[in-house]
Peer 1: 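Just passing along the structure, written as structure tokens.
The structure displayed is predicted, hence computed values, not measured ones.
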Amino acid sequence: MAERWATFGIDLHLEPTGPGLRRGLTDALREAVRTGRLAPGTRLPSSRSLAADLGIARNTVADAYADLIAEGWLTARQGSGTRVADRAVPSPPIRPPSPRRTPGRLPYDLVPGTPDLASFPRAEWLKAARRALAAAPHDALGYGDPRGRPELRTALADYLARVRGVRADPERAVVCSGFAGGLRLLCEVLRARGARTLAVESYGLDAHWDLAARAGLTTTPLPFDTLGTRAQDPGTADAVLLSPAHQFPLGGALPPERRAAVVDWARRTGGLILEDDYDGEFRYDRQAVGALQNLDPDHVVYLGTASKSLAPGLRLGWMVLPPSLLPDVVAHGGGLSVSVLEQLTLAEFLTSGAYDRHVRAARLRYRRRRDSLVESLAVRAPDVRITGIAAGLHAVLRLPPGTERSVVQAATWQNLAVHGLSRFRHPATATTAGDALVVGYATPPDHAWTGTLDALCRALP
């Protein structure tokens with residue numbers, strides 16, 4: 001059942017609420033259509049696919065679809081599937097005014113931050129590139145809009161609304177050169193607006209902290225506990241950088257009450273939340289956690305990237321900005337650093353459904369890797385506890401106190417590149433999360449996975 005869930009259909013983010021499954025699902029779908037998050041003509045997953053994704057009975061989904069068809073919200077035609085009805089939407093969305101890593105030399109690699117590059121969909125990408133280039137207007141090859149090509153911004157807005165629950169508008173979307181390019185741009189804008197301090201998670205990527213420092217911002221780490229980052233009170237910080245759907249590297253999701261609390265802080269103080277949704281598509285045991293941006297698009301910047309879903313070498317990222325921030329970001333150059341051809345290709349990849357198919361196939365492949373890792377450790381290293389495995393492309397292997405450095409050294413003797421958790425600790429963090437390895441199980445190509453896993457198990461205590 002779990003593997004079928006990962007392979008068929010298209011993705012749709014829903015959060016059913018209410019006294020019963022059928023009513024909760026019906027209300028959630030109706031609200032998504034009513035508010036314009038699901039645009040007229042949008043094709044919905046089959047009842048079988050959505051039931052598998054939500055972990056509910058197929059009849060429940062079929063009954064909810066039938067109710068909404070009877071009410072006129074949806075339509076169903078033979079061969080065309082179930083779609084959002086072509087009707088006026090009473091409450092349309094608000095329209096505003098117009099880990100960097102160095103390739104290792106070791107034969108086995110579990111350094112997190114990179115997908116399986118051998119699985120990049122070259123043939124499908126090439127087909128999309130040919131179609132996109134053939135259809136591109138002549139002016140697409142000019143200097144263009146600093147926000148990026150409208151084809152890609154429109155495709156991203158539709159995709160993010162459907163899959164991540166983002167309140168996206170093409171007018172507020174900006175294409176950037178990967179996540180790092182977007183973060184650099186935002187830090188420069190914040191500093192120009194008078195910001196001094198960026199609050200960050202206690203464990204994260206030093207490359208991000210360095211970007212902030214080069215822009216003139218001081219980074220201060222937020223405290224954490226067993227529930228994750230305590231982001232509800234960033235103190236005097238002007239902005240907060242969070243990975244709420246899947247914290248890197250510890251792996252947890254920010255609890256709902258803390259999500260609400262940090263948004264309340266932003267509203268009270270006028271602060272800004274930078275949401276790093278670096279691998280939001282990869283959730284294995286239940287539907288992915290929705291984007292924090294949905295709680296308050298006026299105070300949350302949503303940042304996404306194709307680096308984990310496709311490849312970091314594409315240097316494709318995107319931001320969905322609050323209206324108040326958009327003019328300054330555009331003035332700083334926006335998406336002019338990203339190849340137009342790559343933008344058009346990704347737009348075609350998204351609208352054709354090839355991106356959905358690739359992500360779902362990758363999700364199944366990485367889930368199998370994760371399961372293989374868990375099973376091998378249970379047999380060959382039973383004293384090592386594994387955490388952070390519900391989502392993403394990496395896991396945290398908890399080690400006995402005081403052993404992290406020796407295990408990393410032992411891994412080197414096994415020709416294995418792997419990072420200890422301490423490598424990701426902010427230098428100003430007062431507490432430690434303990435000794436552990438951060439294992440990027442998506443990194444090795446398929447043919448090297450068995451050897452890499454064997455090398456890891458030999459290095460563990």
Side-chain angles (χ1 to χ4, degrees), residues 1-14 45-46 48-56 108-121 124 163-164 243 245-253 277-290 304-312 353-381 384-398 418 437-454 456-457:
M1 180 66 180
E3 292 192 358
R4 294 206 314 273
W5 174 87
T7 55
F8 60 76
I10 61 174
D11 284 338
L12 174 64
H13 178 76
L14 288 173
S46 67
R48 179 188 177 195
S49 174
L50 186 57
D53 281 356
L54 296 177
I56 61 179
Y108 301 126
D109 190 357
L110 288 175
V111 174
T114 303
D116 177 6
L117 300 179
S119 68
F120 180 80
E124 290 297 325
V163 174
R164 300 298 299 126
S243 49
H246 184 227
Q247 202 280 330
F248 184 87
L250 296 177
D277 194 34
Y278 65 101
D279 63 358
E281 294 98 340
F282 296 108
R283 188 92 190 181
Y284 306 116
D285 299 322
R286 60 181 175 85
Q287 193 177 34
V289 176
T305 175
S307 296
K308 306 300 182 289
S309 56
L310 288 169
Y355 188 84
D356 273 286
R357 292 192 295 273
H358 170 73
V359 166
R360 294 181 79 94
R363 189 184 298 152
L364 173 60
R365 183 167 58 254
Y366 295 144
R367 176 173 181 147
R368 286 172 172 165
R369 293 266 190 99
R370 182 205 68 171
D371 292 347
S372 174
L373 173 66
V374 172
E375 292 165 4
S376 294
L377 293 183
V379 174
R380 302 171 64 179
V384 174
R385 183 169 58 95
I386 184 168
T387 63
I389 60 173
L393 308 181
H394 72 276
V396 178
L397 276 54
R398 300 290 179 174
V418 67
L437 296 182
V438 183
V439 172
Y441 54 79
T443 305
D446 286 340
H447 71 268
W449 172 243
T450 300
T452 304
L453 186 56
D454 287 342
L456 172 66
C457 290

Peer 1: Looking at Arg380, I want to see if its CZ is surrounded by more than 12 non-hydrogen atoms of other residues, nucleotides or ligands under 6.0 Å.
Peer 2: yes

Peer 1: Supply the atom-to-atom distance Leu373 CG to Ile389 CD1, rounded to the nearest 0.5 angstrom.
Peer 2: 8.5 Å

Peer 1: To the nearest 0.5 Å, tell me how far Leu453 CG sits from Leu377 CG.
Peer 2: 7.0 Å

Peer 1: Are the side chains of Arg369 and Thr452 in touch, meaning some heavy atoms are under 4.5 Å apart?
Peer 2: no

Peer 1: Say you draw a straight line from CZ of Phe282 to CZ of Arg367; how long is it, rounded to the nearest 0.5 Å?
Peer 2: 14.0 Å

Peer 1: If I compare all heavy atoms of Glu124 with all of Ala354, which pair ends up nearest, and what's the gap?
Peer 2: OE1-CB, 4.3 Å

Peer 1: Checking the side chain of Tyr366 only, and the main-chain atoms of Asp116 only, is there a donor and an acceptor separated by less than 3.5 Å?
Peer 2: yes

Peer 1: Could you go step by step and tell me if Asp277 and Arg164 meet the side-chain contact (heavy atoms from CB on, under 4.5 Å) rule?
Peer 2: CA-CA 9 Å; Asp277 194 34; Arg164 300 298 299 126; 2.8 Å; yes

Peer 1: Side chain of Tyr278, backbone of Ser307: donor and acceptor closer than 3.5 Å?
Peer 2: no

Peer 1: Taking the inter-plane angle between the rings of Phe248 and His394 on a 0 to 90° scale, is it parallel (under 30°), tilted (30 to 60°) or perpendicular (over 60°)?
Peer 2: perpendicular

Peer 1: Any donor-acceptor pair under 3.5 Å linking the side chain of Arg370 with the backbone of Ala395?
Peer 2: no

Peer 1: Look at Arg368 together with Asp446 and state whether they make a salt bridge at an N to O cut-off of under 4.0 Å.
Peer 2: no

Peer 1: Go through the steps for Leu456 and Leu437 under the test side-chain contact (heavy atoms from CB on, under 4.5 Å), then give the verdict.
Peer 2: CA-CA 10 Å; Leu456 172 66; Leu437 296 182; 4.1 Å; yes

Peer 1: Start with the C-alpha gap between Ser309 and Tyr355, add the side-chain angles, then the distance that decides, and say whether side-chain contact (heavy atoms from CB on, under 4.5 Å) holds.
Peer 2: CA-CA 9 Å; Ser309 56; Tyr355 188 84; 2.6 Å; yes

Peer 1: Assess whether side-chain contact (heavy atoms from CB on, under 4.5 Å) is satisfied between Leu12 and Asp53, documenting all intermediate values.
Peer 2: CA-CA 9 Å; Leu12 174 64; Asp53 281 356; over 6 Å; no

Peer 1: So which heavy atom on Gly392 is nearest to which on His246, and how close?
Peer 2: CA-CE1, 3.4 Å

Peer 1: Can you name the closest pair of heavy atoms from Pro249 and Val396 and give their distance?
Peer 2: O-CG2, 3.2 Å

Peer 1: What's the shortest heavy-atom distance between Ala245 and Ala253, and which atoms?
Peer 2: O-CB, 3.6 Å

Peer 1: State whether the side chain of Arg283 and the backbone N or O of Val289 hold a donor-acceptor pair below 3.5 Å, judged by distance alone.
Peer 2: no

Peer 1: Run the salt bridge (charged side-chain N to carboxylate O under 4.0 Å, His left out) test against Arg398 and tell me which residues pass, sequence neighbours left out.
Peer 2: none

Peer 1: Side-chain contact, heavy-atom cut-off 4.5 Å: Pro121 with Leu310?
Peer 2: yes

Peer 1: Rounded to the nearest 0.5 Å, what's the gap from CG on Asp371 to OH on Tyr441? Could you check?
Peer 2: 9.0 Å

Peer 1: If we ignore hydrogens and angles and just use 3.5 Å, is the side chain of Thr443 paired with the main-chain N or O of Val111 as donor and acceptor?
Peer 2: yes

Peer 1: Taking all non-hydrogen atoms of both residues into account, name the closest pair between Ser372 and Trp449 and its distance.
Peer 2: OG-NE1, 3.3 Å

Peer 1: Over all heavy atoms of both residues, which pair between Lys308 and Gly113 is shortest? Give the atoms and the distance, please.
Peer 2: CE-O, 3.2 Å

Peer 1: Quick one, Asp454 and Ser376 - any side-chain contact, counting heavy atoms below 4.5 Å?
Peer 2: no

Peer 1: I want to check something: taking the side chain as every heavy atom from C-beta on, are Leu14 and Leu50 in contact at a cut-off of under 4.5 Å?
Peer 2: yes

